[in-house]
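Beneath this line is the structure, given in structure tokens, with notes to follow.
Each chain gets a letter, A, B and so on, in the order the sequences are listed, and its residues count up from 1. Heavy atoms only: backbone and side chains are in, while hydrogens, waters and symmetry mates are out.
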Protein chains: 2
Amino acid sequence: MADVKPIGKALFLREEELRRGIELMFFAYRDFTGEADSILAEQNMGRAHHRAIYFIGRNPGITVSDLLAILCITKQSLSRVLSGLMEDSYVVQKPGASDRRQRLLYLTATGTALESRLTSLQGRRFAAAYREAGVDAVDGFQRVLRGLLDSDTIEQIAQQDQTSDI
Amino acid sequence: MADVKPIGKALFLREEELRRGIELMFFAYRDFTGEADSILAEQNMGRAHHRAIYFIGRNPGITVSDLLAILCITKQSLSRVLSGLMEDSYVVQKPGASDRRQRLLYLTATGTALESRLTSLQGRRFAAAYREAGVDAVDGFQRVLRGLLDSDTIEQIAQQDQTSDI
DNA sequence: CTATATTGGTCAACATGGCTGACGTAAAAC
DNA sequence: GTTTTACGTCAGCCATGTTGACCAATATAG
């Protein structure tokens, strides 16, 4: 097998490298979400609830349509989740001050508690990975992940960063 | 706001950094799988079919239990998916030579065609991201992703690499 | 050779979380 | 005053995960 053409060898290595990325992405995402999933299961919630709680916590007072734009799901799907979260008092809604059709979403104390529990769990996993890998690796990690995004998503994230009340 | 304590500022930045990672992971995974999902939807398949096809293509002749170990789902869930794939002639099974209880899984020509279509789609996305980000970034990316894995997953991947017939 | 363990499949029932389509209501905007 | 927008809701469908029970073929250990 030593007589493989260099070009073939290069292509093979390239495909291996790409497959490694694909697989790593699959396993990492699964393990990354796994821990939070078990906590959520205890409260009879799923990943969809987590996402809603996370982004409401991150953007207090967000409107339903803005949340829809972030999550990219149908309003029926989100509505089902939000109804559950409000019934169990993780989330409350207030009418918008300027536009009273809007229902601005906020976490309750319970909601905030759950959100920070979940986020600190996932954050610890990231912190450990970052620590092991080193600062330069973190930069590369984020650059590659950004490169995987759709262009719409990139714009969306950029806008969010602008309007966020940091 | 210039009188924030340095320690508070550092913690804030740290949390921001961790949240950035969490969010990037969510968006990147969604966009990364999105394209393949649409192709799969055309063939009335979902992500579960994709995973099965991918790992059978990657490990021709894999047993059902080994595939189960990779996917970490119940055999009932996998069985449903495999039945569909065999009915539509994407996958065939042959009895194992040494252990005839085993059913070794292989892709058909149709299956291989679909697998490579999907993989090259996702591969192109990775290739573009890798190209933009640069070689060093790729290394960092993979190091951080590996750091996010559960220890069981790490062992599993290591074993796979050993036994793979490269 | 027999007992047990392993590999794999199957049926039934259920939950979650996507989706579509249709319809309603309140408020803003023109 | 009409139209558009923001949001909700009802009904139903599909994919994919779950548990539990049960069965068949075969390998393996005693």
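- Under a cutoff of 6.0 Å and an axis angle of 45°, B:Arg30 and B:Phe26 form a cation-pi pair.
- For the pair A:Arg143 (side chain) and B:Ala133 (backbone), a donor-acceptor distance under 3.5 Å is present.
- When the side-chain nitrogen and oxygen atoms of A:His49 are compared with OP1 and OP2 of C:dT16, none of them lie within a distance under 4.0 Å.
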Across nucleotides 5-14 of chain D, 5' to 3', mark each nucleotide with B, S or - according to how protein heavy atoms within less than 4.0 Å reach it. BSBBBB----
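- For A:Arg146 and B:Asp31, the salt-bridge test fails: no basic side-chain N is under 4.0 Å from an acidic carboxylate O.
- Contact annotation: B:Ser77 side-chain N/O to D:dT16 OP1/OP2 distance is not under 4.0 Å.
- Between the CZ atom of B:Arg100 and the P atom of D:dT28 there is a distance of 12 Å, rounded to whole Å.
- Annotation: the span from B:His49 atom NE2 to B:Leu118 atom CG amounts to 12.5 Å, rounded to 0.5 Å.
- Without hydrogens or angle criteria, B:Ser83 side chain to B:Ser79 main chain gives a donor-acceptor distance under 3.5 Å.
- Salt-bridge check for B:Arg58 with A:Glu15: failed, with every basic side-chain N at 4.0 Å or more from each acidic carboxylate O.
- The 5' end of DNA chain C is approached more closely, in terms of each residue's nearest nucleotide, by A:Leu78 than by the other of A:Leu78 and A:Ser98.
- One atom, CG of B:Leu71, and another, P of C:dG8, lie 13 Å apart when rounded to the nearest Å.
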